[in-house]
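What follows is a set of notes on a single structure, which appears directly below.
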Number of protein chains: 2
Amino acid sequence: MAQQTEAVRRPPLNRDRVLRAAVALADEIGIEALSMRKLAQELGVVPMALYKHVANKDQLLDGMVDVVVGEIDLPAPESDWKSAVRQRILSARRALQGHSWAAQVVRSRARPTPVVLAYMDSVIGIFRTGGFSVDLTHHVMHTLGSRVLGFTQELFDASPSPAPEAQAVLVPADAGQFPYVTELAMAVAHDEESVVGQGCDDQFEFEFALDLLLDGFERLRQQRWTSANPSGEKTV
Amino acid sequence: MAQQTEAVRRPPLNRDRVLRAAVALADEIGIEALSMRKLAQELGVVPMALYKHVANKDQLLDGMVDVVVGEIDLPAPESDWKSAVRQRILSARRALQGHSWAAQVVRSRARPTPVVLAYMDSVIGIFRTGGFSVDLTHHVMHTLGSRVLGFTQELFDASPSPAPEAQAVLVPADAGQFPYVTELAMAVAHDEESVVGQGCDDQFEFEFALDLLLDGFERLRQQRWTSANPSGEKTV
DNA sequence: ACCTGAACACCGTTCAAGT
DNA sequence: ACCTGAACACCGTTCAAGT
């Protein structure tokens, strides 16, 4: 009956409250532990009550992505295309990084929601108004891939690994077996004494790749690259 | 008793047979439908019998990745770094594309297996013997990210979507709401009349991004880029 | 209109036992 | 050494019913 008192006191459930509770719960216990049943319990409600506000778990995950994308800063008003794209993408990165599960959930979605489409539309718009042809914009967006939402697909995440283990993975016991991996891992370990010893500086790697791509885009734009005439220039 | 006869006839289970059956079953029914229970049934065995050969489902997935990575061609003997890297990565791409679930499983793994480490070692080796410093190789491998195994993280996969639906997603009903998305989608639809009408040419996009990155790498190598001196050249 | 309870058809994995 | 059977602690989602 204590439970009934709680039930009376709580505000009526709605889609927004469900989504925000899901985001908070995933932040806390991780995405793999998030279940409809646990979310319901957190909201003091029976599991099936959630299904009045989200059609199923997939729609719940879509909604959670929308909450995160809603945290991305609005585009800067006046700037060249390159710094405008940079600003948006690095802001997306900050938003995604605030929720450790977000990148993983984004890449698991089959289709973009309207909220995500609106964000992508604004990035495409920066390229178009910045002098990129539709054709070049198309391929440039493909090249960016997941980077447009502020994350890159590393080959291995190792996110749920205890910190001390990290070094042991990069420098395997049998160092002779993978000489180039070992050489690289040792150089990284040495190099980064200043940093917390975490290994690689994610932010640096992200910006390195982003800038390499943006510089390549600028070169293609200047050459008036088209997919019909990849060598550029000559047709002008 | 018919079942008992089958049981007698079948060769004894081993890790290799389990992994290969898992790969074949995932090819057939998809990775989300692959369960320890169904795999056991496929092998004519009780679920718990599998646990003598793989520690748990994570180790089964690791082993499945190893099977796919084992299908990547050996490196070409004599060639410049750029075509050698290109050849390996495009071969990895072919291997991964033979198993629709593979990219998704690779990116879900926390740590590389020895088989995957050996493949990465060989790619790192191409850069090192091709004149890249350890430092530059490190950042270049990060830039490649999942591309080193032949896939890129598109923002939305839409892989399990029926073909006719594809166009409807790219050209939303309310076209005015996302003008740049719409413009781009219409250009793509127009442009690709020659192709099956599937929308984007994945292979073209993959090679466009790969070549953009490889060209950027070559430029940095020539400038003697280092992370300590990103502008390059001057220190030489 | 919103929430509930019981049930269905699944999971991965444990334990103790069989051959 | 290898396989089995039963059980445990979960899932997402259905259906029919309550208020």
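To find a chain, count down the sequence lines: A is the first, B the second, and so on, and within it residues start at 1.
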- Query: How long is the line joining CE of A/M36 and C1' of C/dC3, in whole Å?
  - Reply: 14 Å

- Task: Look at the aromatic rings of B/F204 and B/F208 and report parallel, tilted or perpendicular, splitting at 30° and 60°.
- Result: parallel

- Give a yes or no on whether a salt bridge exists between A/D73 and A/R94, defined as a side-chain N under 4.0 angstrom from a carboxylate O. yes

- With no hydrogens and no angle check, do the side chains of B/D62 and B/T113 hold a donor and an acceptor under 3.5 Å apart? no

- How close or far is atom C1' of D/dT4 from atom CG of B/L43, stated in whole angstroms? 16 Å

- Task: Calculate the interatomic distance between A/L39 atom CG and D/dG12 atom C1'; express it in whole Å.
- Result: 13 Å

- Message: Tell me the interatomic distance from A/Q41, atom CD, to D/dG12, atom C1', rounded to whole angstroms.
- Response: 16 Å

- Item | Single hit among B/R86, B/R147, B/R93 for salt bridge (charged side-chain N to carboxylate O under 4.0 Å, His left out) with B/E207 | B/R86

- Query: So what does A/M48 touch, heavy atoms closer than 4.0 Å: a base, only the sugar-phosphate, or nothing?
  - Reply: base

- Message: Please list, in numerical order, the residues of residues 50-67 of chain A that have a heavy atom closer than 4.0 Å to any atom of DNA chain D.
- Response: A/Y51, A/N56, A/K57

- Query: What is the distance, rounded to the nearest whole Å, between atom CG of B/N14 and atom P of D/dA1?
  - Reply: 17 Å

- Tell which nucleotide pairs with D/dT4, taking only Watson-Crick or G-U wobble pairs whose two distances are both under 3.5 angstrom. C/dA16

- Message: I need the CZ-C1' distance between B/R37 and D/dG5, as an integer number of Å.
- Response: 12 Å

- So, A/R107 and A/S146: side-chain donor and acceptor under 3.5 Å apart, yes or no? no

- Picking from C/dT13, D/dC11, C/dC3, the nucleotide nearest the side-chain atoms of A/S35 would be D/dC11

- Query: Is it the case that more than 12 heavy atoms not belonging to B/Q41 sit under 6.0 Å from its CD atom?
  - Reply: no

- Message: In whole Å, I'd like the distance from the CD atom of B/E32 to the P atom of C/dG12.
- Response: 13 Å

- Can you tell me how far P in D/dA9 sits from the matching atom in C/dA9, rounded to whole Å? 22 Å

- Query: So, the side chain of A/S91 versus the backbone of A/Q87: is there a donor-acceptor pair under 3.5 Å, distance only?
  - Reply: no

